[in-house]
Amino acid sequence: MNAELVAWAAASALFSIGTAFLLLRRQLVAMVVGIELMVNAANILIVFHAVRRADPQGLAVALLALAAAAAEVVVGFALILSMRNDENEAPESSHLRELSG
Amino acid sequence: MLLTGLWALPMLTAPLVWAAPSRRAARLLALAASSAVLLYSIWLWGPFSAEEGLLRLHESGAPGAYGLRYHLAVDGVSLSLCWLTAFLSLVSIVATWSDERPNAYWAAFLALEAALMGVFLMQNLFWFYVFWDAALIPMFFIIGLWGSGNRRRAAFKFILYTFVGGLTLLLGLVGLVALHHQATGAWTWEIPELTRATASGPWAPYVFLAIAAGFAVKVPVFPLHNWLPDAHTEAPAAGSVMLAGAMLKMGVYGLMRILVPAFPALSAAALPWAAGLGVASILYGALCAMAQKDLKRLIAFTSVSHMGFCIVGIFSLTPEGLSGAALQMINHGLSTGGLFLLVGFLYERAHARGLDDFGGLAQSAPWFAFFFAFVMLSSIGLPGLNGFVGEALSLYGLLRASPPLAAAASLGAVLAAAYGLPSFQRVFWAPPGPASRSPLVRDLTFREQAVLWTLAVPIVGLGLFPKPLLDLVAPAVQSLAQR
Amino acid sequence: MSPLPAAALVLLAAPLAALAFGFFVTHRVRPRTTHLPILASCAAVAAASLALLGGALGGASWSGRLFTWISAAGVQVHFGLLLDPLSVSVLSMVAVVGFLIHIYAVGYMRHDAAFSRFFLYFHLFFFAMVGLLTSDNYLQLYLFWEGVGLASFLLIGFWQHKPTARAAAWKAFLTNRVGDVGFLLAILLLFRWTGTVAFADLFSNPSLLSSQKAFIVGFLLFWGACAKSAQFPLYVWLPDAMEGPTPVSALMHAATMVTAGVFLLARSYPLLERAPGLLPFIALVGAFTAVWGAVGAFFRKDIKRILAYSTVSHLGLMTLGRGGGGVFPAVFHLIVHGFFKAALFLCAGNVIHGLHDSLGGAPTATVDDAGGLRASMPMTFAAFTLGAVSLAGVPPFGGFWSKEFVLAGAFGTPALAALGLLTALGSSLYIGRMLFLTFLGRRSWQKGHAAHAHEAPPVMWVPVLLLSLGGALAGFLAAPLARLLGVEPHHASHTVTALSIASMAAGFGLAWAAADLAPGGEPAWRSRHPALLEAVESDFGWQPFCDRAAGAVAGAARFLGDIVEGSIWDPGTEDAAAAFPALSEVLGRRARGILNDYALLMTAGAAGLAILVSLCF
Amino acid sequence: MTPLSELQPALPALSHAAALTALCAAAAVCRRAKGPSVLPAAVSAAGCLAAAWAAAAASSAQGPLLDLDPAARLWQLLFGAAALLFIAARGALTWRAAALLSGSLCGMSLLAGARNLFMLFLGLEMMSLPVYLLIHGLRPDKRSLEAALKYFFTGALAAGFFLFGLAAYYAGTGSMTIARSPEASPAAALGVALMAAAALFKLGAFPFMFWLPDAYEAAETELTAFMATAVKAAAVLMLMRVLSLGAGAVETLALPTLAVLTMTFGNIMALRQKDLQRLLAWSSVAHAGYLVAAVWAWRRLGGPPHAAATVYLYLGLYLAASAGAFLALRASGARTREDLPGLAERAPLAAVLLVVLLLSLGGVPPTGGFTAKFFVLWDLWRAGSPLLAAAVAFNSLVGLGYYVGLVRAMTLDAAPAEPRGEGACPRLGLRAAVIVCAGLSLLTGVMPGLRAGLEGLLK
């Protein structure tokens, strides 16, 4: 039983770290890393339970989830790279303040 | 197809008028349409009296699911209101017959007439409410585009304030149908069926209050009235005629058609409150009218006072009170419509509405003085003219319900004299002040006199021979009072 | 009750036709001839009413219904005419006096610019008065009642440019409306309790109303009558009504309109009989008003105001007669008073007309302006004297007989008797003073206008003379009127007659003394008692009280209209609506648009949902 | 089963996929034609039409991951309508933009037919990613980049929540098919909650909606119209599918409060907006609130077809009004509130259409908006919560505050001396789209039988 607990602990820990990345870090690249962490956390859980239930569908889902996450990252970087600012420091969320109210 | 024509005719000609090639063509088309509607509505008297029963000339579309049928019918009260609407539309079109009005102006009046006809004919709550709110849009543009002074603010305040009432009413109506479903297990939006079973249940008082408040905003009843003075002050003359003459009646008609029949027990229980508010409207309206310096605001407050008599008449739940209310609706339409026309003519000539802007008009414009006195006397309830009969019957109804309130309401007659005559004296008898605009005021033209004579004839006619109208509304009133 | 004769229809049709023809034709085309159709209609009405009087003397009375007016469920009212002895008798007086005053008015108003408008209003009043006297139910009577009120508003305010005239007209209509509210409530109560307002149904079985209900209805009717017949609480409008032209004051505010209230009380005698305590109360109010009017008349200087207060006093006498003696004394005094008071007013009109040029066109004159007119206006003097003696009650003139019957009725209770005698003394006092000051005496403080005052033209003094003769000879009408009303006249005992003659004589003596004892008698006395004079001028504070009451209502209106509506309620709702954009402004400024905040809020939301689920799982 | 029949339920998605591949190939091949042209738009439109035909005509079939039941067909038609409206209004697209559009539509088709939770996730991803790029692609300026990035990160966060919810649900119940799970374990409930949060994010409900105004304001107007209608409809679909997993506590407590908060917050914020697109964005947040209330009523009544029909009707009429309003703004060339005064004189047709559309958004009879709100109020009363109905009524009153405010500005206020805002956009497709939307809004105002028709379809 404790295996399941370990799995849940790992997944939730990883998930909260990923979310924390997204919430607290200012650099956009770090936030993309956070997104990846959250997806991997979910994958841990899925794979663990797929193996425990010997259900191939779960494994297929985990695989596809990785692919989806990859696609997400690609789109994210596409947008981040097109951010041009003169001081050429790392793009940060604080630069994105024009739209408000 | 009999009744649909009544609202469809003006609704269909409205776009044509809007798209008319020249302003003159638009005006003529509008005149033709409104007189056609008037003649048609009067012609309906034939088939109406040929049939029997309370609701006649039924006409309904395919029975949709959940009773959402397109269903028209008419009884004495609504037929008389249709006549009033058609008559006032024609009068307001002829009265403001001038060249500087764009096509949209005439189209708006036809659309307004169509929406009002719809309200008075519909027997299905969904359609009733659609026409109820649809009437606001033309009036919003009439006040907003062709009004005077700060018309935009007045139009905006008018439409938002009335939407408050409208949405409360919508909540109430949906609640009424839900209560009816709880009671009888059937879904229907037909007013005749809804009013057959008495709605009850824990939510019934709240639904009653919601519907009552929704209609009260439109009547208007005392605390919910302060959209009226602004709307009237800024509306153009013809706009005020339609607003006071026909639109205020939607609220009273709603009370008579939906609220009282659907909640007989609650209406009886609400008598002291409702009649109390009615009396408050009478006295508050009259007192405020006495304090006004602007003629149109004064007449607006008199409307609040007169509508108070309708409320008192309805909530007395006696046949006399109810027929008094029905009569008062028609009388108020005629007399206040006349007053607004006259003030409109004054404004057209002198671009001023203040009491102190005029003086000594009786010498320079005797016909003006005659008609203003005549219509003002009808409005303050001089017996022999139409105002008195409605007020006396409403007072009698209230007397049967609660004598002390009747005594208080009868004070309204004294206050009526107190706002009616001094204003007349100030404008027509008192010598003109230094900055007076009286010299600008030339006497009524033939067209204007013709319009006012067409108003004066029913004013005297209904004053001395109200019997035909009373018989017309008698069956509807009898069924209401029996509940 | 035989069906309506043709004459009855003429009563209403003729004035209506004259009014319509006058308004639509002559007023437009040739305004100077509007009075012709109107005089014709007056003549027709007078002839018709005299014909009806003849028939009535023969014991006939007519009634008939013309059409149904209102027919809601419980309220059924018909429009009909009722010509019984009471209405025919009063109608005849009104028709005759009205006809004569119409003729007088032609002369009096000849130079007025709005000549035709005056006659239209004048005849509108006449039509309403005839309608009032002949209606067969209370609601129809109420209709003409307010019609008469409207006519008095138009006529009092006839000279529109005068602010005092406008104020008087409005005051008259408002006070009448206060009374009419009571009258309307009485009508509604009658419907409520008996289901009908027709005189025939009501009075055929009086048991319809219990005594307590009859008292309420009776009192409300009396309240309405008080307003119209200027009884104590609501008489305040009559003195101001003198602002109107003199024919108006003569016809309406002396002979006919003000008597409508007494006629109403006379018409509803079966109703008032059923209420035990009501009649004595009415008598008391009448008596008090009589004395009050007499006191008011004595101290006034303006000749028309003196006559106005005298009318208030005599109306009080009629009400006293009605309360104490029943219908006959009241109606008889009403008719006699109609004649001599109209004559007195028209004499006053002649005096004003005579002094018109020297007074600089002032519409009214005071006793000081007049004085010693005996020489220059002989005919008016003769008519005035005849009227005065009849008013004072000098035997054998009309006033003496009618006052006799009133006092006879009043002698039942000591208080009424005392007030009655006081009034008798008072009337001779003030009419004597007016007679001596205006026509006889020559005092230094006089402004010497008497020299070039000129007598009125025949078209004016002939009707005056006829009226004063009518007033003087009215005594002989007592017997036929009694027979007409079918009541046995209750003659006063000799002691009562003696007492009244004594008080009348005393009155004249005192008047002679006050008016002429010392050359400066009156002004000297006035200067010594300014406080008393001021109190009387304002009717012991009652006139200012009423004005303050009206002011209070106007103040309440301004308070409600400007303060409550203008600055509390109306802006209040607008501010309530403006709260939403204000809230929006506050929220808007806080949303800074930072990505991390968005993410933070989202995570908080998701966490909230998760916690919620685990909590109540 | 022959392979073809197995693909039967995925036909709509496949037709979009075919269009996608064709467009990508074309984009790769012809380097030269840089600017937007009609051909790519036509190809994408062809994909839509094929998908719509497949959804309408194909016989119903059910695969393990996708099925083609009446509900799915309705969703497909809804997405197809929104897409065609976008293409018609936009007129010309570059190859890449058309490809992105078809990709997004393919994702939506997957969503429509999804019977498996992961298929829902895939559909969500395929729908969202192209839209992030389109926001910046169609109007390459700094503001749209910022909007795209904000939308991307919050969208990714929501996708993360959804996936973790999926994992938790899978852990709890062991299956991923969207069916009422028999034993409700805490993990499953947690999963449903997180997935619901993701759906609420996509819908723009409180407190997940802050991205929406930025995205709608900065994006190209036609795209905003597409997002406000198709993407919002997809979000409602996701919410309904997730809640049908047995939401328990989330349903009874969270949904009503979130609904009220969303509509009130949306309306209040809209009152102060100067930029018209941002104003309509906040108003669409308010409409999200009404939709959440309608979905709650649907769940509370036990998922009957008439309540579902109410949600569809509301979405359909809201689609017409909202897309129409955005496109009408584009057609009239008004950007901010100051551009409106005098619009009635400058562009009378655009002004009249905009008035009809705004009144429909406000829910004023005789427009479709009223019919939609009427049925929502009715269902809320039937679901036994008059207070929520009162909240909806009160909020539509606040909404009328700014809708009628705009109408007043356009028609009543005096025209400024020199004309403001960009000139009216002459594109024919745009005008036709606005006329169609306004006509639909006006027509449906007097057709109360609509919902009964939808209900019949769903049975």
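Residue numbers begin at 1 in each chain, while the letters A, B, ... track the order of the sequences.
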Quiz item: Within the side chain of R177(C), is there an N or O that forms a donor-acceptor pair under 3.5 Å with the backbone of A413(B)?
Solution: yes
Self-check item: Interface moiety of L184(C) toward chain B, non-hydrogen atoms closer than 4.5 Å
Solution: side chain
Practice problem: Any chance you could measure Q76(C), atom CD, to K467(B), atom NZ, to the nearest 0.5 Å? | Solution: 7.5 Å
Practice problem: Nearest 0.5 Å please: distance from the CG atom of L385(B) over to the CG atom of L143(C). | Solution: 8.5 Å
Quiz item: If you round to the nearest 0.5 Å, how far is CG of L189(C) from OH of Y396(B)?
Solution: 9.5 Å
Quiz item: How many angstroms lie between atom OG1 of T573(C) and atom CH2 of W227(B), to the nearest 0.5 angstrom?
Solution: 13.0 Å
Quiz item: Taking everything shown except R28(C) itself, do over 12 heavy atoms lie less than 6.0 Å from its CZ?
Solution: yes
Quiz item: Of the listed residues (F370(B), F428(B), Y161(B)), which shares the most heavy-atom pairs with chain C below a 4.5 Å separation?
Solution: F370(B)
Exercise. Measure the acute angle between the ring planes of F23(C) and W453(B), then classify it against the limits of 30° and 60° as parallel, tilted or perpendicular.
Key: perpendicular
Quiz prompt | Which portion of S71(C) sits near chain B, non-hydrogen atoms under 4.5 angstrom | solution = both
Quiz item: Any salt bridge between D562(C) and K293(B), counting N to O under 4.0 Å?
Solution: no
Quiz item: CD1/I70(C) to CZ/F388(B) distance, rounded to the nearest 0.5 angstrom?
Solution: 6.5 Å
Quiz prompt | Nearest heavy atoms of P466(B) and W69(C), plus distance in Å | solution = CD-O, 3.1 Å
Quiz item: Mind checking whether F153(C) and F424(B) have parallel, tilted or perpendicular rings, split at 30° and 60°?
Solution: tilted
Self-check item: Other residues, nucleotides, ligands: >12 heavy atoms within 6.0 Å of F446(B) CZ
Solution: no
Quiz prompt | Max heavy-atom pair count under 4.5 Å with chain C, selected residue of P319(B), G360(B), S410(B) | solution = S410(B)
Exercise. Identify which part of V178(C) has an atom lying under 4.5 Å from any heavy atom of chain B, answering side chain, backbone, both or neither.
Key: both
Quiz item: If you count heavy-atom pairs under 4.5 Å with chain C, which of V164(B), L421(B), L470(B), V477(B) comes out on top?
Solution: L421(B)
Quiz item: For S323(B), is it the side chain, the backbone, both, or neither that has a heavy atom closer than 4.5 Å to a heavy atom of chain C?
Solution: side chain
Practice problem: Please flag which part of L322(B) lies under 4.5 Å from any non-hydrogen atom of chain C: side chain, backbone, both or neither. | Solution: neither
Quiz item: Which one of D230(B), L469(B), L160(B), L411(B) has the most heavy-atom pairs closer than 4.5 Å to chain C?
Solution: D230(B)
Quiz item: Does the side chain of V564(C) reach to within under 4.5 Å of the side chain of Y284(B), using non-hydrogen atoms?
Solution: yes
Quiz prompt | Basic-acidic side-chain contact under 4.0 Å: E574(C), R153(B) | solution = yes
Self-check item: Derivation and outcome, side-chain contact (heavy atoms from CB on, under 4.5 Å), residues V414(B) and V553(C)
Solution: CA-CA 11 Å; V414(B) 178; V553(C) 171; over 6 Å; no
Self-check item: Closest non-hydrogen atom pair between A72(C) and L393(B), with its separation
Solution: CB-CD2, 3.8 Å
Exercise. With a 4.5 angstrom heavy-atom cut-off, could you sort out which part of A418(B) is near chain C: side chain, backbone, both or neither?
Key: both
Quiz item: With only heavy atoms counted, which part of L377(B) is less than 4.5 Å from chain C, the side chain, the backbone, both or neither?
Solution: side chain
Quiz item: Non-hydrogen atoms of chain C under 4.5 Å away: do they reach the side chain of A407(B), the backbone, both or neither?
Solution: both
Quiz item: Side chain, backbone, both or neither: which part of L154(C) has an atom under 4.5 Å from a heavy atom of chain B?
Solution: both
Quiz item: Counting distance only, does the side-chain N/O of W429(B) pair as donor-acceptor with the main-chain N or O of F158(C) below 3.5 Å?
Solution: no
Exercise. Indicate the atoms forming the closest heavy-atom contact of P431(B) with H161(C), along with that distance.
Key: CD-O, 4.3 Å
Practice problem: Measure across R558(C) and A291(B) and return the closest heavy-atom pair with its distance rounded to 0.1 Å. | Solution: CA-CB, 3.6 Å
Quiz prompt | Structural part of Y142(C) lying under 4.5 Å from a heavy atom of chain B | solution = both
Practice problem: Check Q425(B) against A169(C) and note the closest heavy-atom contact, atom names and distance. | Solution: NE2-CB, 3.9 Å
Exercise. Specify which of A430(B), P229(B), A474(B), P366(B) makes the most heavy-atom pairs with chain C at under 4.5 Å.
Key: A430(B)
Quiz item: Tell me, side chain or backbone of Q140(C) under 4.5 Å from chain B's heavy atoms, or both, or neither?
Solution: neither
Practice problem: Could you tell me whether the side chain of F301(B) reaches within less than 4.5 Å of the side chain of E565(C), counting heavy atoms only? | Solution: yes
Exercise. Give the member of I380(B), V473(B), T318(B) that has the highest number of heavy-atom pairs under 4.5 Å with chain C.
Key: I380(B)
Exercise. Could you have a look at A556(C), A554(C), G157(C) and say which one has the most heavy-atom pairs with chain B under 4.5 angstrom?
Key: G157(C)
Quiz item: What part of L382(B) lies closer than 4.5 angstrom to a heavy atom of chain C: side chain, backbone, both or neither?
Solution: both
Quiz item: Say you draw a straight line from CG of L66(C) to CG of L464(B); how long is it, rounded to the nearest 0.5 Å?
Solution: 11.5 Å
